[in-house]
S.K.: 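First, the structure itself, so that you have it in front of you.
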Amino acid sequence: MSDTADGITESLFEAPPMAEQERMVEAILFATAEPQSKLQIENRMPHGSDAAEALQHLRKRYEGRGVNVVRVGDGWAIRTAPDLGFLMQKETKEVRKLSRAAIETLAIIAYHQPVTRSEIEEIRGVSVSSGTIDMLLELEWIRLGRRRMTPGRPVTFIVTQNFLDHFGLESARDLPGVRELRDAGLLDNRPPPGAHHLNDADEEEAEDVGAEDQEDMFS
Amino acid sequence: MSDTADGITESLFEAPPMAEQERMVEAILFATAEPQSKLQIENRMPHGSDAAEALQHLRKRYEGRGVNVVRVGDGWAIRTAPDLGFLMQKETKEVRKLSRAAIETLAIIAYHQPVTRSEIEEIRGVSVSSGTIDMLLELEWIRLGRRRMTPGRPVTFIVTQNFLDHFGLESARDLPGVRELRDAGLLDNRPPPGAHHLNDADEEEAEDVGAEDQEDMFS
Amino acid sequence: MSEDVADDFLAEDQTDGFDSTAERIRAEALVVDVEGYEGPLDLLLTLARTQKVDLRKISVLALAEQYLKFVEKAKRLRIELAADYLVMAAWLAFLKSRLLLPPDPSDEGPSGAELAAHLAFQLERLGAMRRSAARLMARDQLGRDFFVRGIPEDVSIKRRVNYKATILDLMQAYARLRTKDSFEPLHMRERDAVFTMEQALERMKALLGHAIEWGDLTQFLPEGWLKDPAQRRSATASTFAASLELVKAGRLEIRQYDTFAPIQVRSKG
């Protein structure tokens, strides 16, 4: 306190030299938590100081430097030079496996599209969290299809071109059927005799429907 | 994001020019309140950069300015020039008033580090309250050093980077008058003759028991 | 007390400490502080200063006498001295006798001169640390004289998660589902007969306000779910479960007078 008082008293007689004023503005802009207006800066400086001029000098001094003196609203602040923004970011890449719920939901959508949420739940036998759907939407692997023309007009989900690209498919119809999966040894559980036949038929029907709609979608 | 990736890929072949590296160090130091080690800085810069050299250039550039590049232990930071403190009344933090015991204990740790509690007590001639030690630990001005390899393996205390930062010291070697004190033998750990010796042995024995108990507890 | 540790740095009033740390320091200070001295060494250092000589040329003998006088005076004034002061007094009395009497050749251990030299060293060291502490505290301090960046731009850590899924994962997932299907086929129609717990809870919550009197649980069953036995079963089960849930939440009371007697509920509070 007394320091400032002294400073002010002294400076009643003479403002500090411009180089000194520039130093002051530099320190103020560095240490304050918010951008400072010309007036705010001047109020901190010894009497008779010219913050505007000091700011101009300082601004010039920092031109092309790693940080710049910039206008923020009606205040001034020191900020990282725009081209060095990348230094302030650290990117961590993480490869994560898709959760079982997500991959199953995705598989159902791929095989049965367009498919409503309650149909997905029907097939999975458990409810599907909206988090799972949101994630697949965010990944841009699924998107909304046409509304189903049934009571409540539920939304349907379909797979996207991104999905096809990611999984290296020309179209969703290229996905192998259950019988092919079994032949390829991808089905570890052997269903009871007789049961699977019916199933396959069901599925093929479903696929057919899907395929038709799909042609609509991608054409 | 892709900027970074590109930057890194490019720089595998060539580090950016020194002027550019200096800008980067400038941006990094301006952006953070905590001192950054050479390694921390280098890790954020493109591959092949020489933070140490860039730091030297930068330090010189800011000599006599409103903010300075300062060395704090093994870190680097930008701080306002001490003569401009009077401009920062609003930023001034109420410093906790320290008791005389705390100040003396802190000084003894700084000048004699690594130092054990019983050595501090030997110097001050009174026991050191654990409250005093706790407070200095809380302020993060001191921390535990390595255990002394004497009977009882007592813990030692050393000062932290925060301590250096707070008092504007590059290292503990820059403590005021440290050389004179050393030359005068006042930083020696001079064992008391005879009578005291017996005392110390007692103490060490007592401490020993404590240490054993502790080992028991943690094993 | 003429100390060169600037008194500015002393906490004049330690009662403004709010935490246990300050409390503890205060408690200990009561024992240690004798008329403002922090222990016998501190007292000795102050007494030594009255000799107005370089600490290295101090007369330890004179100092010992001064200290013993101080202790005697304190005793006369019935000031209760902490044990350290008395221990120091005893030791100084011993030192005094060693310094005054001719050395006894049969006596082992350090000589009076050695002991005196060490005491002088201790005093000099303590004095030096006092001065150093004052010089340290007189330095420019962070947050008072110099300052850190006011608007730090923190490094933002962007975590990019790449989800890994192969066509194989996809096919296996589907295969798993279809296989499960073949074991436990589920059909839309069967699901029609399920009145879920969530539905029941929703319904019960809506009706809660009306259940002022004890009423049969069955009256809470949804309309249109009573004819088909499967539907009725499901609705009853979920409504009962929902009721228990509400009882647990303290919003409902439930009772049954006898085995298989009607279950009655009423809202609580």
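A note on names: the letters A, B, ... follow the listed sequences, proteins ahead of strands, and every chain is numbered from 1.
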S.K.: What is the distance from atom CZ of C:Arg139 to atom CG of B:Asp174, rounded to the nearest 0.5 Å?
M.R.: 7.5 Å
S.K.: With rounding to the nearest 0.5 Å, note down the distance linking CE in C:Met129 to CD1 in B:Ile123.
M.R.: 6.5 Å
S.K.: How close do C:Pro152 and B:Ala33 get, heavy atom to heavy atom, and via which atoms?
M.R.: CB-N, 4.2 Å
S.K.: For B:Val126 versus C:Gly39, what's the shortest heavy-atom pair and its separation?
M.R.: CG1-CA, 3.0 Å
S.K.: As an exercise, state the distance from CG of B:Leu84 to CG of C:Asp145, rounded to the nearest 0.5 Å.
M.R.: 11.0 Å
S.K.: Rounded to the nearest 0.5 Å, what separates atom CG in C:Asp42 from atom CZ in B:Arg124?
M.R.: 8.0 Å
S.K.: Taking only residues two or more places apart in sequence, or in another chain, which ones meet B:Asp83 in a salt bridge (charged side-chain N to carboxylate O under 4.0 Å, His left out)?
M.R.: A:Arg23
S.K.: Hey, are C:Asp140 and B:Arg79 close enough for a salt bridge, meaning a charged N less than 4.0 Å from a carboxylate O?
M.R.: no
S.K.: Between C:Arg130 and B:Arg100, is a side-chain contact (heavy atoms from CB on, under 4.5 Å) present by the stated rule, with each step listed?
M.R.: CA-CA 9 Å; C:Arg130 290 266 163 90; B:Arg100 176 168 150 183; 3.2 Å; yes
S.K.: Shorter than 4.5 Å, heavy atoms on both sides: which option in B:Gly85, B:Pro176, B:Gly125, B:Ala77 has the most such pairs with chain C?
M.R.: B:Pro176
S.K.: Write down the atom of C:Leu136, the atom of B:Phe167, and the distance for their closest heavy-atom approach.
M.R.: O-CD2, 3.5 Å
S.K.: Using the test side-chain contact (heavy atoms from CB on, under 4.5 Å), find all partners of B:Glu140 that sit at least two apart in sequence or belong to another chain.
M.R.: B:Asn162
S.K.: Has the side chain of C:Arg149 got a donor or acceptor atom that lies under 3.5 Å from a matching backbone atom of B:Ile78?
M.R.: no
S.K.: What's the spacing between C:Arg125 CZ and B:His112 NE2 if we round to 0.5 Å?
M.R.: 6.0 Å
S.K.: Check whether B:Ala81 gets within reach of chain C through its side chain, its backbone, both or neither, counting any heavy atom under 4.5 Å.
M.R.: backbone
S.K.: Relative to chain C, which of B:Gly185, B:Ala184, B:Gly168 shows the most heavy atom pairs under 4.5 Å?
M.R.: B:Gly168
S.K.: Can you tell me how far CZ of C:Phe146 sits from CG of B:Asn68, rounded to the nearest 0.5 angstrom?
M.R.: 10.5 Å
S.K.: Locate the shortest heavy-atom distance separating B:Leu186 from C:Phe121; write the atom from each residue and the value.
M.R.: CD2-CE1, 4.1 Å
S.K.: Under 4.5 Å heavy-atom distance to chain C, tell me which part of B:Ile108 shows up: side chain, backbone, both or neither.
M.R.: both
